[in-house]
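Quick notes on the structure that follows.
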Amino acid sequence: MDSTISLALFRNVENAKEVRQNVMNGTFEAALLKPSMICDPFQVIVAANRAIHLNRQNKMITKNVHSEILFCLSPTKNISDSFRKFGLADNETSVMVVVADDIDGSTMSAICKCVKGELSDAQDVIHLTETKLIQKIYKIPDEELVVSKLLDSIVSRISSKDVLTL
Amino acid sequence: MEDESRNSIATMPVLMKQGAEAKLYKSTFYGKPCIIKERFTKCYRHPSLDKSLTAHRIKSEVRALLRCRMNGICTPTVYFTNMENSSIYMEEIEDAQTVREYIQHVQANENSDTANNILKPLGVKVGEILGIMHSNNIVHGDLTTSNMLLRGNPAGLDVVIIDFGLSHFENFAEEKGVDLYVLERAILSTHPNTEDFFQTILDSYKKYNLKSSVEVVAKLDEVRLRGRKRTMVG
């Protein structure tokens, strides 16, 4: 059975706190990401793909697939630290929403109703990226970026997280 | 906009190559061209030994790919590792030829002096890469001209190192010396009249691996006399 990954980007969001609370209390299941930490939707896809894979193998570290997406995205093995760095904060004005296995699209439409903000193309996340911060958090040295695109460096780290002993 | 990737992660894998350790498939990963390297089970090994060896090699391969990248050496981006079926999903290096193909092409079209001159900058680049790898204690384990790709125009010297399946992290001159010896054998046996080319690599290597090149080159001389395997006497 194939899984699906749905992404949505909202800008000029007024009610980040409310949206986050709805996820916390289970009104809908989704991962809410900080767009400043995302340099390309593919980064999220790689993390989500890994989270879904670990879920199928019953090898998740966190309690559900959506928190696992956040955890997979992060280079640290500390769960609360991952949430703080990559998860939506209450004072933010943009959010990247990821939903796994939203086959009939009902979760995404519920989220669209709840978020007070404008829906944009997921690719627009590049305008919200904080490159310097990302480089620091993923510990990407300058000499690496001479031969590697930022996205490739991040993706390599996400996909090798479990074999990494840095 | 809602962006849904309903297609499965690997659409129609096509078998590309089969080696002694793994099969290579060409496929796509969420729309990006990708190579799947699947290590197959070796029936002649005890199942539990086979499992732990395979897992170990996948891990060291992924680790080496990342370590090289962190030190400024081009390697394919890893998209996903699946320990369940022992596969690595990685970026397909497009518009590339192997260094082996390039050398053969140059040698077929030029006389040997011109060929040596054309290949010189490539030798310097390869030496630089190996010097950086070894000074960071990354031993490739299977250095051949087929495991080095040249991306785009060969004059751009955009060398991508692949196949870290036998790589390990070692700070012993012995291992590094053997690494160079394997490359020397590979170059001299696949390409005639490349003694100068290997010497260029070695000279450049010495500049980039200042810490241990003297020791490693001394080991190389020793290994040349006895072969890759150390004599196990006493």
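Letters A, B, ... are given to chains in the order of the sequence lines, protein chains preceding strands, and every chain is numbered from 1.
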Side chain / backbone / both / neither for [X] at chain B, heavy atoms under 4.5 Å:
X	value
Val155(A)	both
Glu143(A)	both
Phe10(A)	neither

Aromatic plane relationship, Tyr89(B) with Phe80(B) - under 30° parallel, 30 to 60° tilted, over 60° perpendicular: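 Answer is tilted, since the angle falls between 30° and 60°.
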What is the ring orientation for His140(B) with Phe164(B), classed by angle as parallel under 30°, tilted 30 to 60°, or perpendicular over 60°?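 His140(B) vs Phe164(B) ring planes: tilted.
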Under a 3.5 Å threshold, yes or no: a donor from one side chain and an acceptor from the other, between Arg69(B) and Thr77(B)?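 Short answer, yes.
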Distance-only donor-acceptor check, side chains His134(B) and Tyr208(B), under 3.5 Å: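 Side-chain D/A pair, His134(B) to Tyr208(B): absent.
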Would Lys161(A) and Phe71(A) count as a cation-pi pair here, with the cationic atom under 6.0 angstrom from the ring centre and within 45° of the axis?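 Yes, Lys161(A) sits over the ring of Phe71(A).
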What part of Asn82(B) gets closer than 4.5 Å to chain A, counting heavy atoms only: side chain, backbone, both or neither?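 For Asn82(B), backbone and side chain are both near chain A.
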Under 4.5 Å from a heavy atom of chain A, the part of Ile88(B) involved: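 For Ile88(B), there is no contact with chain A at all, as no heavy atom is under 4.5 Å.
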Among the options Glu84(B), Lys59(B), Met83(B), pick out the one with the most heavy-atom pairs lying under 4.5 Å from chain A.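 Looking at each of Glu84(B), Lys59(B), Met83(B) in turn, Glu84(B) comes out on top.
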